Number of protein chains: 2
Amino acid sequence: MKISSRVDYALSCVLRIADKYESRKPVTAVEISRQEKIKPDYIEQLLLLLKKRKILKSFRGRSGGYVLSACPEDISVFSVVKAIENEILKPVCFREKGRRKKCVHFDDCKIISLWIGLKENMEKYLKRKNIEELLLLRRKEKNWRENRRIR
Amino acid sequence: MKISSRVDYALSCVLRIADKYESRKPVTAVEISRQEKIKPDYIEQLLLLLKKRKILKSFRGRSGGYVLSACPEDISVFSVVKAIENEILKPVCFREKGRRKKCVHFDDCKIISLWIGLKENMEKYLKRKNIEELLLLRRKEKNWRENRRIR
DNA sequence: TAAAACCCGATAAATTTTGTCAAGTATTAT
DNA sequence: ATAATACTTGACAAAATTTATCGGGTTTTA
């Protein structure tokens, strides 16, 4: 199991836009594209999903682009993941395949409840993490490196 | 993201074998195959992995089969998942692709630490769950259904 | 009014997962 | 002994999913 690259990229995009949150200047897809080395068309897909879920707002026209629709602290990692994937983990019963509609041992199969629990656990974790937190981590490390360089 | 069917099936297998833990009778791949409607060859692959990780022991020959190598309570769901998948979640940095060996923004990219945290969280959850627990859930429900039927 | 940016959907390419098959070796009940 | 039963291994084809690309729009503003 892997985190999909789309989710990972989406998070990068949000972070790039969050970097400019103070200045309130919209960030364009092309700008992010240059920074992240991803084609703008591909980024666009992600930004649109993020916008649909109200994580981003966009301004059109010549000096347009995307901005956060809330402050970094109020945007959870979960909401970003959810915007892209909808379900971070799909609890599927693999015995429902074929012509059968229900799991062979539907009544006494408790495995799916395990995956549902796992999913809830993951969601709880991701809800605790927010964009601000990731931003701070980056900045702290950056400062640390810059201080090191000076000496 | 989905739990792979292999993990799900492996867990079913372990549960089927655990059902017979008291009687100490080995359970054969064909037996499980009939119960779970999966081809025996496919099940074999999973059983072998489980055996390699010491979750199962096997007896060869005419009246052979598989048994648990520990009591159901001492087998965590995590160990089963680990036997099949090795890593429940691979924390990958998607910016390492292409000719570049390292992430474009290696130093200031903290996203991967997020996935590492998520992975640890998932593992913790799965370590708490054991086979006995799943077994009890099944049996409880079964009894409940049977009591209902009698009245 | 042209440039810059957003918007949308279809589809091709790559990767991963899933499942099948074949050809063995080892063990034991009879 | 030996046939039946079960375990062992590896290669590979089919299916599903993910990833990425592309083309053709519309809207807005310097």
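Lettering of chains follows the sequences in order, A, B, ..., and the numbering in each one begins at 1. Everything numeric in this text was worked out from a predicted model, so none of it was measured.
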Within less than 4.0 Å of OP1 or OP2 of C:dT20, is there a side-chain N or O belonging to B:Tyr42? no
Rounded to whole Å, please give me the gap between CG in B:Leu49 and C1' in D:dC7. 14 Å
Smallest heavy-atom separation, A:Ile32 atom then A:Arg16 atom, equals CG1-CB, 4.3 Å
Linking I/L/V/M/F/W/Y whenever their side-chain heavy atoms sit closer than 4.5 Å, directly or via other members, would B:Leu47 and B:Tyr42 fall into one cluster? yes
Out of C:dT18, D:dT19, C:dT16, whichever nucleotide has its closest atom nearest the side chain of A:Lys2: C:dT16
side-chain contact (heavy atoms from CB on, under 4.5 Å) between B:Leu56 and B:Leu68, worked out: CA-CA 5 Å; B:Leu56 302 178; B:Leu68 297 191; 3.8 Å; yes
In whole angstrom, give the distance that lies between atom NZ of B:Lys39 and atom P of D:dC7. 18 Å
Should B:Ser58 be listed as having a side-chain N or O under 4.0 Å from OP1 or OP2 of D:dC7? no
Does A:Ile43 belong to the same Ile/Leu/Val/Met/Phe/Trp/Tyr cluster as A:Phe59, with side-chain heavy atoms less than 4.5 Å apart forming each link? no
Rounding to a whole Å, what distance do you find between A:Arg6:CZ and C:dT15:P? 17 Å
Here the distance between atom P of D:dT17 and atom CD of A:Glu87, to the nearest Å, is 14 Å
Among residues 77-85 of chain A, which ones have heavy-atom contacts with DNA chain C below 4.0 Å? none
Atom pair distance, as rounded to whole Å: NZ in B:Lys37 and C1' in C:dG19: 18 Å
What integer distance in Å separates A:Leu47:CG from C:dA4:P? 19 Å
Going 5' to 3' through nucleotides 8-13 of chain C, assign each nucleotide B (protein heavy atom under 4.0 Å from a base atom), S (under 4.0 Å only from sugar-phosphate atoms) or - (no protein heavy atom that close). --B---
Does any part of the side chain of A:Leu15, heavy atoms only, come nearer than 4.5 Å to the side chain of B:Ile111, both counted from C-beta? yes
Within residues 24-32 of chain B, which residues have any heavy atom lying less than 4.0 Å from an atom of DNA chain C? none
Who passes side-chain hydrogen bond (donor to acceptor under 3.5 Å, both in side chains) against A:Asp19, sequence neighbours left out? A:Arg138
Please report, rounded to the nearest Å, how far the C1' atom of D:dT19 is from the CG atom of A:Leu46. 11 Å
Given the rule in the side-chain contact (heavy atoms from CB on, under 4.5 Å) test, do B:Leu50 and B:Ile17 qualify, once you have shown the distances and angles that lead to the verdict? CA-CA 12 Å; B:Leu50 292 169; B:Ile17 295 167; over 6 Å; no
Scanning both residues in full, the closest heavy-atom pair of A:Ser76 with A:Lys127 reads CB-O, 3.9 Å
So, for A:Ile112 and A:Pro91, which heavy atoms are closest and what is the spacing to 0.1 Å? CD1-O, 3.6 Å
When rounded to the nearest 0.5 angstrom, what is the spacing between CG in A:Leu118 and CD in A:Glu120? 9.5 Å
Any pair counted as side chain to side chain donor-acceptor pair (under 3.5 Å), so long as it reaches residues 60-74 of chain B, sequence neighbours left out: B:Glu44-B:Tyr66
A:Ile3 has an atom CD1; how far is it from atom P of D:dT19, in whole Å? 10 Å
Just to be sure I understand the geometry, which residues of residues 59-68 of chain A put a non-hydrogen atom under 4.0 Å away from DNA chain D? A:Arg60, A:Gly61, A:Arg62, A:Ser63
In Å, rounded to the nearest 0.5 Å, how long is the span from CD of B:Glu133 to CZ of B:Arg128? 9.5 Å
Check against side-chain contact (heavy atoms from CB on, under 4.5 Å), B:Leu48 and B:Lys52: CA-CA 6 Å; B:Leu48 290 186; B:Lys52 206 172 277 173; over 6 Å; no
Run the side-chain contact (heavy atoms from CB on, under 4.5 Å) test on A:Met1 and B:Ile3 for me, step by step, so that the C-alpha distance in whole Å, both residues' side-chain angles and the decisive distance to 0.1 Å come before the verdict. CA-CA 7 Å; A:Met1 203 149 57; B:Ile3 291 293; 4.3 Å; yes
Can you find a side chain N or O atom of A:Lys51 that sits less than 4.0 Å from OP1 or OP2 on C:dC6? no
